[in-house]
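The next block holds one structure in the form of structure tokens; read it before the comments.
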Amino acid sequence: MAFPLLSVWIMVSGGFLALLLHGRFSLMKWVAMLSMITGCGLGMTDALSRALSDIPFFLSINGPSPFTLEFSIDGLSAFFLVVIFGICFLAAIYSFQYQRESAGRLKTATSYFFFSLLTAAMVMVVTAANMLTFLLAWEIMSLSSFFLVIQDYQSEKNRKAGYLYFVFSHVGAMFIMAAFGLMYHYTGSTAFEAGGLTPWAKGLIFVMAFVGFGSKAGVFPFHVWLPHAHPAAPSHISAVMSGVMIKTGIYGMLRLYQVLDPRLPGLAVMVMIVGVISGVLGVVYALGQNDLKRLLAYSSIENIGIILIGIGIGMMGVETENPVMTIMGFAGGLLHVLNHALFKSLLFMGAGMILHKTGIHTLDALGGVMKKMPITGITFLVGALAISGLPPLNGFVGEFFIYRGGFLGIGDDLWVFSCSLVAIVGLALIGGLALACFTRVVGVVLLGEPRTPSFAAANESGMAMRIPMVILAAGCMLMGIFPGLFIDMAHLAVSAMGYDNLSGLPEKPACLWSLDLTRASLFFIAAVLAVLAIRKIICHAKKPVRRSCTWGCGFTRPTPRMQYTGTSYAASILDFFRPVAPLSEKETPVSGLFPKPASYHSHVWDIVEIGLYMWVVKPVMVVFDKLRWIQHGDIHLYIGYILLAIVVLLFFV
């Protein structure tokens, strides 16, 4: 049995066994976790070998024509399989202590079942070799993740988040089906091929698929579901959905671009501009959030924007026949797929640890995590530095390649120069805002003192939850310092797409830069260590260290709640972006000689969410309110409706 199929079989079998064993909670968790890590471990081993070499794979499961399931693996599929198996492996370990018996035995078993189904479906999506197989796997992935989002279905907020995700998933699936239907119309085949397609048909198919895949990836303006669904799901599922599942949308875009090879002017610009808008607005909305998981969800939109900028630069290189720009853009985007999977999964797991131990998810109610939970604090700090794109961590590597690809376009004609400049400036703006966003998170959540009594008694017991965070933090550092192996994987993935025409160049640029990045990272680390040593030896030698309270401007009864808040930290930046991030404030000011308790509440609104409600939801609700008279509650009338519908259908058929 082929390894990918064997991995899927082991995981799904474990999920079914979890349902059968739900009455024995500990045994059920052991079976579910071991089946997940076994399946993911086997799949990861196989995927790594294929991602680092050209080992082809093809499997066909014959069914009634034309319903034949076909699977294949090339360098691009193998790259995404490494991400899927790696993150799901760690999430399965994390879930062992995150899932509590108090949440319900059957509910936990059901969660493990849908988790195994989601992982298997993602594997099938990136290995599907024809349109029918892809759509089947895509629907299984959407449905299984929907049930994971509404795991805590007693909460009305979670149910609404799940329904919103369900709607966006299936609207996106409709666009994908429309794109595939148009391909089938021209080719007469369900295989991924573009024979007989005109250039404009290729462009139309790509745009429709871009909308469909963009809805799953959380691309602006199809991102509305994402900040609702991620906070609702369990934290290890949030890590999988944000770190892995939304990347299947990126895979779909790349795979269809490879199949179509549409070299129409404007497609690269479209992808690039959508990437810049997604990146900038995603991080701006993240800056305005007070819920930690909601902030991380908006940050995922920002990172999808960075990936799209890289893909747009690669597409621009294809259109202008600039092979080095092509490889730098596509490889940078793929590297950031892996980067984001590592540091965003780490951050969601860190947020899950905090939520699991304290029940607190509001930023301004937290504080002092580094003191109370040192491993969680340190690993979260590594993730925050990595997501900010700072060397020598992995976030810097992918962005460096994207920057390099953008600078390679500056020497071309005015149009390419302008597009490259937009990409470079947009990426720089995103990086600056991301640094501000996660400086805010680190300062408010990790530093200072606990603001609430419940957090003051918190601890980070639970080895199964800490081990995945430590591994992910180590992965962020390893990939940042020694990126050569991962660059080779990305380069082979680009080669599998057919955009590796470097016959006239003396050396492959991907290999050329990996050694330089390693040297620069080691030099950076050495410089930091030298500065710390000088500071320790010279500046603090034989000097007494005094500890005292921070000066409170004459106030003699300070409390931890008087610490600087994240809201005030981000206020000046959000004020600049008010046209696209409107801010509502509710305030009870301090007034009088004997003032009443004061309060302040602010909320940053998503302009797409506002527009969706005003221009889509509200008019639809008005129309259906006017049609409410149809609903009488009379069964005879409903039977009449059914008969009338059958008669009309028979007439037209």
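Quick caveat: nothing in here was measured; it's all calculated off a predicted structure.
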Checking V382 against F343 for the side chain to side chain contact (heavy atoms under 4.5 Å, CB included) test, could you report, in this order, the C-alpha distance in whole Å, the side-chain angles of both residues, the deciding distance, and whether it holds? CA-CA 8 Å; V382 171; F343 56 63; over 6 Å; no
Between S420 and F407, is the side chain to side chain contact (heavy atoms under 4.5 Å, CB included) condition met? List the steps. CA-CA 7 Å; S420 298; F407 280 114; over 6 Å; no
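- For an aromatic pair to be called close, the ring centres must be under 6.0 Å apart, and F146 with Y165 fails this.
- In terms of modelled atom types and a separation under 3.5 Å, the side chain of S111 and the main chain of K107 share no donor-acceptor contact.
- The main-chain N or O of M141 is found under 3.5 Å from a side-chain atom of S144 such that the two form a donor-acceptor pair.
- In this structure a side-chain-to-backbone donor-acceptor pair under 3.5 Å is missing from S13 to I10.
- In terms of modelled atom types and a separation under 3.5 Å, the side chain of S521 and the main chain of G480 share a donor-acceptor contact.
- I306 and I402 get closest at one heavy-atom pair: O-CD1, 3.6 Å.
- You'll find the ring centres of Y251 and F213 outside the 6.0 Å limit.
- Shortest non-hydrogen contact noted between M349 and Y94 is O-OH, 2.7 Å.
- Taken to the nearest 0.5 Å, the CD1 atom of I93 stands 14.0 Å off from the CZ atom of R466.
- Counting heavy atoms from C-beta on, the side chains of S35 and Y112 never come closer than 4.5 Å.
- Two residues are said to be in side-chain contact when any heavy atoms from C-beta on lie closer than 4.5 Å; V8 and V12 meet this criterion.
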Check against side-chain hydrogen bond (donor to acceptor under 3.5 Å, both in side chains), S95 and K29: CA-CA 9 Å; S95 70; K29 286 209 303 181; over 6 Å; no
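- Looking at K216, its side chain never comes within 3.5 Å of a backbone N or O of I246 through a donor-acceptor pair.
- Inter-residue side-chain proximity for K202 and Y186 is flagged as unmet; no heavy-atom pair is nearer than 4.5 Å.
- The two residues G75 and A496 come nearest to each other via the heavy atoms N-CB, 3.6 Å.
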Run the numbers on R50 and S77 for side-chain hydrogen bond (donor to acceptor under 3.5 Å, both in side chains), then give the verdict. CA-CA 9 Å; R50 296 181 191 277; S77 300; over 6 Å; no
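- In this structure the side chain of L48 reaches within 4.5 angstrom of the side chain of M489, judged on heavy atoms.
- No side-chain N or O of Y184 forms a donor-acceptor pair with one of T190 less than 3.5 Å apart.
- Between M122 and V240 the shortest side-chain heavy-atom distance falls below 4.5 Å.
- Taking the six-membered ring for Trp and the full ring otherwise, the centers of F166 and W225 sit at least 6.0 Å from each other.
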Verdict with reasoning, W138 to T248, per side chain to side chain contact (heavy atoms under 4.5 Å, CB included): CA-CA 9 Å; W138 191 266; T248 58; 3.9 Å; yes
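- The OG atom of S49 lies 11.0 Å from the CE atom of M44; values are rounded to the nearest 0.5 Å.
- Within the model, atoms CG of L338 and NZ of K247 stand 8.5 Å from one another, a figure rounded to the nearest 0.5 Å.
- Applying the ring-ring contact (aromatic ring centres under 6.0 Å, His included) rule to F210 yields no partners; only residues at least two apart in sequence or on another chain are considered.
- Listed for the S278 side chain is a donor-acceptor partner under 3.5 Å among the backbone atoms of F220.
- Formation of a donor-acceptor pair under 3.5 Å by the S7 side chain with backbone atoms of G43 is found in this model.
- Distance check: M479 CE to L517 CG gives 10.5 Å after rounding to the nearest 0.5 Å.
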Quick one: do L132 and T68 satisfy side chain to side chain contact (heavy atoms under 4.5 Å, CB included)? Show the steps, please. CA-CA 8 Å; L132 291 176; T68 299; over 6 Å; no
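- T518 contributes a side-chain N or O that, together with a main-chain N or O of I481, makes up a donor-acceptor pair within less than 3.5 Å.
- Between the side chain of K344 and the main chain of L296, a donor-acceptor pair closer than 3.5 Å is present.
- The nearest pair of heavy atoms linking G395 to N339 is CA-ND2, 4.2 Å.
- Between I467 and I471 the shortest side-chain heavy-atom distance falls below 4.5 Å.
- By the 4.5 Å heavy-atom criterion applied to side chains, L267 and V207 are counted as neighbours.
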Please test F113 against F16 for ring pair (Phe, Tyr, Trp, His ring centres under 6.0 Å), starting from the C-alpha separation and ending with a verdict. CA-CA 6 Å; F113 168 70; F16 274 112; 5.0 Å; yes
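- Enclosure of atom CZ in F192 by more than 12 non-hydrogen atoms of other residues, nucleotides or ligands within 6.0 angstrom is indicated.
- S300 contributes atom OG, which lies 5.0 Å from atom NE2 of H230 (distance to the nearest 0.5 angstrom).
- With contacts defined as side-chain heavy-atom distances shorter than 4.5 Å, the pair Q151/P234 qualifies.
- Separation of the F401 and H336 ring centroids does not fall under the 6.0 Å cut-off.
- Smallest separation of non-hydrogen atoms from V397 and P483: CG1-CB, 4.0 Å.
- Separation of the Y257 and F206 ring centroids falls under the 6.0 Å cut-off.
- Between F400 and F396, the ring planes are tilted. Angles from 30° to 60° get that label.
- Take H236 and apply the side-chain hydrogen bond (donor to acceptor under 3.5 Å, both in side chains) test, not counting sequence neighbours, and it matches no residue.
- Listed here is the closest heavy atom pair of S238 and K293: OG-NZ, 3.3 Å.
- Checked by atom type and distance alone, the side chain of N394 never pairs as donor or acceptor with a backbone atom of L478 at under 3.5 Å.
- We find the CD1-CD distance between I387 and E302 to be 5.5 Å, quoted to the nearest 0.5 Å.
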